[in-house]
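Per chain, numbering begins at 1; letters A, B, ... match sequence-line order.
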Protein chains: 2
Amino acid sequence: MEEKEVQSEVTDKYSLRGRVFNRLREDILSGKYESNEELREITIGAEMGVSRTPVREALRQLELEGLVKIVPNKGAFVTGISAKDIHDIYYIRSYLEGLCAKWACEHITAEQLEQLEETIYLSEFHARKKHMEQIVELDNKFHEIIYEACDSKMLRHILSDYHHYVERVRKVSLSDVNRATKSNEEHTKILEAIRAKDAELAEHLAHEHIIKTIDNLNRCGL
Amino acid sequence: MEEKEVQSEVTDKYSLRGRVFNRLREDILSGKYESNEELREITIGAEMGVSRTPVREALRQLELEGLVKIVPNKGAFVTGISAKDIHDIYYIRSYLEGLCAKWACEHITAEQLEQLEETIYLSEFHARKKHMEQIVELDNKFHEIIYEACDSKMLRHILSDYHHYVERVRKVSLSDVNRATKSNEEHTKILEAIRAKDAELAEHLAHEHIIKTIDNLNRCGL
DNA sequence: ACGAGTATTATTGTATACAATTTACTTGAT
DNA sequence: ATCAAGTAAATTGTATACAATAATACTCGT
């Protein structure tokens, strides 16, 4: 089967800048740096074995991502992402995932419907086996397919961004097997609504799906 | 009165990179470049009298903004922003402005309420006088105040971005004096709902406010 | 000992130099 | 004339050099 590369990485993976960008983003999101910690170009460059140039470019990009604050002539400081930020993102996503599912009803292809079905089917298998790694990956895939299907560059862009932001938290949430199973059931219902072209229902279900995820996170004490 | 600088410019205005970034963004959004047009680092640098370094950093940032697509080892190409993109952004905004108004109910300060009132009052004046420039500026301000008041870094960030994206279109929409007047009435109702801490109503009104703006755009043939 | 002012150092901002890659062109064989 | 291969030119990717700014340390007077 042809495995379509999901374009979650905006930035070139293979250039030095891309590598620095991705690694810094990962490190910031995973909490390796303190909040407000200063990121010195030379230091980071030395750590990664590159010159200042790619580091600077990566830092400037991270500024736009909101993960770093750059003070002119002073330096780059880690902004990080607080528990409230994550909470807010989930609420924002609850609306946008709803809108996305609604639009997907109009634009989804038979092939994409097929892919969604397959994704859920596989995910049910891995949920029974408690293969957490695969569950998260398939959750990723399910949502990314709908992002594609909504046929909106803007909506896909923002949702992919947020999906990335909360990746670490999603892993925790889905580690709860009960939640993973529930999540699959919700995915199934969303798929059925989209297949039936019931835009209202699809929107509502996708919205509720995220709200329930938030509830679960709260239960996990996040 | 202390005029608080609205931080719509993420990027340092005074560095060369910041200037290149802002100018390129403006030029792309205003349609100065063709879609898919190649942006050569040297050419742009020459046009703006700077070296490649600040140009590269600006281009990398614009990539993250989605205004430029960078193909490794080949170049930077204008992505631009289509009529559909703008349409999509307005729909996305309709939800997010609703959410923003809802959250603002909980967090808005007396001072911010005061500012909102003043903004509307002034805007009514300029609407009667047909001072289009000021009307757009005050519309900006009204929304930015609420973005601040929602007390969510993430939501403010994304809404400010989108506000910027559609700035050119907003000017067209508000050039219709009838729309400008209507818009002020809607702003007033939103303000009242927020002041009354009626989160449900505020959300609904803010949502509808954007939907009506979309209707108006459609009537203008955008 | 303390603080103002200055010199030194460190760091960022920008320009340029060099390397790697891609694109365009030229040349030659069929 | 057409196409292919190879070479030259142009362009991007990265590193380094230089300039400007900010942080630090030091001197000197009180």
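- Using a cutoff of 4.0 Å between basic side-chain nitrogens and carboxylate oxygens, E117(B) and R195(B) are scored as salt-bridged.
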Footprint string (nucleotides 7-12 of chain C, 5' to 3'): B base within contact, S backbone only, - free, heavy atoms under 4.0 Å: ----SB

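- Under 4.0 Å is where a charged nitrogen must lie from a carboxylate oxygen, and between E26(A) and K32(A) no such pair does.
- Boundaries of the chain B contact region on DNA chain D are dT11(D) to dT14(D), first to last in 5' to 3' order (nucleotide atom under 4.0 Å from a heavy atom).
- With sequence neighbours excluded, the residues that form a side chain to side chain contact (heavy atoms under 4.5 Å, CB included) with S173(B) are R179(B), T213(B), N216(B), L217(B).
- Summarising the local packing, NZ of K69(A) is surrounded by 12 or fewer heavy atoms from other residues, nucleotides or ligands at distances under 6.0 Å.
- Taking the six-membered ring for Trp, H157(B) and Y147(B) have ring centres at least 6.0 Å apart.
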Check against salt bridge (charged side-chain N to carboxylate O under 4.0 Å, His left out), R156(B) and E144(B): CA-CA 8 Å; R156(B) 178 173 58 241; E144(B) 291 281 355; over 6 Å; no

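- Atom NZ of K84(A) sits in a crowded spot, with more than 12 heavy atoms from other residues, nucleotides or ligands closer than 6.0 Å.
- Summarising the geometry, atom CD1 belonging to I135(B) is positioned 8.5 Å from atom OG belonging to S175(B); distances are rounded to the nearest 0.5 Å.
- Contact annotation for T53(A): base contact, defined as any heavy-atom pair under 4.0 Å involving a base atom.
- Between the CD1 atom of I70(B) and the C1' atom of dT22(C) there is a distance of 16 Å, given to the nearest Å.
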